[in-house]
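Inspection log for the structure reproduced underneath, given as structure tokens.
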Amino acid sequence: MTKAPIRVAITGAAGQIGYALLPRIASGAMFGPDQPVILQLIEIPVEAAMNALKGVAMELDDCAFPLLQGMVLTSDVNEGFKDVNYALLVGSKPRGPGMERGDLIKENGPIFTGQGRAINDHAARDCRTVVVGNPCNTNALIAMHSAPDLPDNQFSAMTRLDQNRAMAQLATKAGVHSSEVTDAIIWGNHSATQVPDYKNTKIGGKSAQEVIGDMDWLQGEFFTTVQKRGAAIIAARGLSSAMSAANGLVDHVRDLYMGCEGIRSMCVPSDGSYGVTEGLISSFPVHCTGNNNYEIVQGLELDDFLKARIESTVAELAGEKEVVADLLGASA
Ligand code: NAD
Ligand code: LMR
């Protein structure tokens, strides 16, 4: 029997990430090869953006994807989020050279109040919202606070791209394929303070720390390469990452939807685990248990270097929360 379609809203659908993301969703990479989808594509109410969106939809038509059962093109968030099972919040301004992601907070933050409210009022009650638009942890916090009727654990933000970056760096250093790197963990903020965990990440089933055996590299070049990879892509391409960002989002949603073995990194509301201030949306090691559910992995050991850096990245998240306090409403 044919499955009922999943409705997926994508904001900023005519942007760079949208262009790399939509064919992956429509071809089954996100929800599986037998799962039909309806794409609800949201853009800003500006002629150029809506025209670009029409062009993207024409190309999707021209792909004749068997799983694509319909498209909605709109600049009205109430229509765009109507009955959706997934809300992928990509639409927002990317940073340029010399900027930090946090510099976008005042401009991008307000986008997520209206979108959060529309998700609250119009999405399916089990809708999962994933925020990509930067600064994604704090934007997810804003969306979550704007949707008080939905459980907090239905909101997450993306550090899967950072996880994948860490896997690639460790694999290159160890001279193995990236598939040998498992349980790759990013802690904290999707920013230059994020913490790639060399102790609990594994290569060939053993701690990366043990396999690499070079603490100077792990705490130095490895750390800064992963933390600053977004800026390096911008410097090289003149534009922020799009293909790898879309791929990270496909990985994030697929694992959340289907469940998976091992540890993944996701920014989720903190329950106080590992001393991360409760209520912040911070990247944690999670087990995806299937059916769109996850659990924060407990009991991992950290060394003093990692603990100190987790404290710093959490302090940065707390600072971002203060900056957007006016967008969090009475529930903050
Ligand atoms: P882009 O400029 O190419 O596209 C953004 C699109 O969003 C544009 O088409 C724009 O019209 C649209 N948009 C802006 N405001 C909107 C709104 N309120 N509602 C709907 N659409 C809106 O940018 P991009 O390269 O696709 O990047 C999008 C965002 O993703 C940026 O904030 C970027 O920094 C972020 N990003 C995050 C990660 C991550 O790992 N979390 C990775 C890459 C990029
Ligand atoms: C990334 O990590 O590539 C994105 O967050 C874009 C950026 O600004 O670095």
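Both ligands and their constituent atoms are indexed starting at 1 by order of listing. All values reported here derive from a predicted model rather than from experimental measurement.
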Under 4.0 Å, counting heavy atoms only: does N134 come that close to any atom of ligand 2?
yes
Quick note on ligand 2: atoms under 4.0 Å from a heavy atom of G230 include exactly 1 (C), 2 (O), 3 (O), 9 (O)
So does D62 have more than 12 non-hydrogen atoms from other groups sitting under 6.0 Å from CG?
yes
N or O pair under 3.5 Å between T11 and ligand 1
no
H252, Q115, E43: member with heavy atom nearest to atom 19 (N) of ligand 1:
Q115
Decide if atom CD of Q298 counts as having more than 12 heavy atoms of other residues, nucleotides or ligands within a radius under 6.0 Å.
yes
Heavy-atom gap H190 to ligand 2 smaller than 4.0 Å
yes
Going by heavy atoms, is R165 under 4.0 Å from ligand 2?
yes
Can you check which of I10, I233, N134, V131 brings a heavy atom nearest to atom 34 (O) of ligand 1?
N134
Using distance alone, determine whether L104 and ligand 1 share an N or O pair under 3.5 Å.
no
Should V132 be counted as touching ligand 1, given the test is an N or O pair under 3.5 Å?
yes
Of the side chain and backbone of K93, name the one, both, or neither that has a heavy atom under 4.0 Å from an atom of ligand 1.
backbone
Indicate, with yes or no, if L88 and L67 share a hydrophobic cluster defined by side-chain heavy-atom contacts under 4.5 Å among Ile, Leu, Val, Met, Phe, Trp and Tyr.
no
Whether D162 lies under 4.0 Å from ligand 2, heavy atom:
no
Heavy-atom contact under 4.0 Å between C136 and ligand 1?
yes
Out of T138, D162, N137, which one pairs with H190 under the side chain to side chain donor-acceptor pair (under 3.5 Å) rule?
D162
Classify the contact between R101 and ligand 2 as side chain, backbone, both or neither, using a heavy-atom distance cut-off of under 4.0 Å.
side chain
For T313 and Q194, test the side chains for any donor-to-acceptor distance below 3.5 angstrom and give the result as yes or no.
no
Using side-chain contact (heavy atoms from CB on, under 4.5 Å) as the criterion, point out the one residue from I44, L41, I42 that pairs with L53.
L41
Heteroatom proximity flag, D162 to ligand 1, N/O under 3.5 Å
no
Checking contacts here: is it the side chain or the backbone of P94 that comes within 4.0 Å of ligand 1, counting heavy atoms only? Could be both or neither.
both
N/O to N/O below 3.5 Å, does that happen between I17 and ligand 1?
yes
Give a yes/no on ligand 1: does S241 have at least one heavy atom closer than 4.0 angstrom to it?
yes
Taking only Lys NZ, Arg NE, NH1 and NH2, and the carboxylate oxygens of Asp or Glu, determine whether D103 and R95 approach each other closer than 4.0 Å.
no
With a 4.0 Å heavy-atom cut-off (strictly under), which part of R101 contacts ligand 1: side chain, backbone, both or neither?
neither
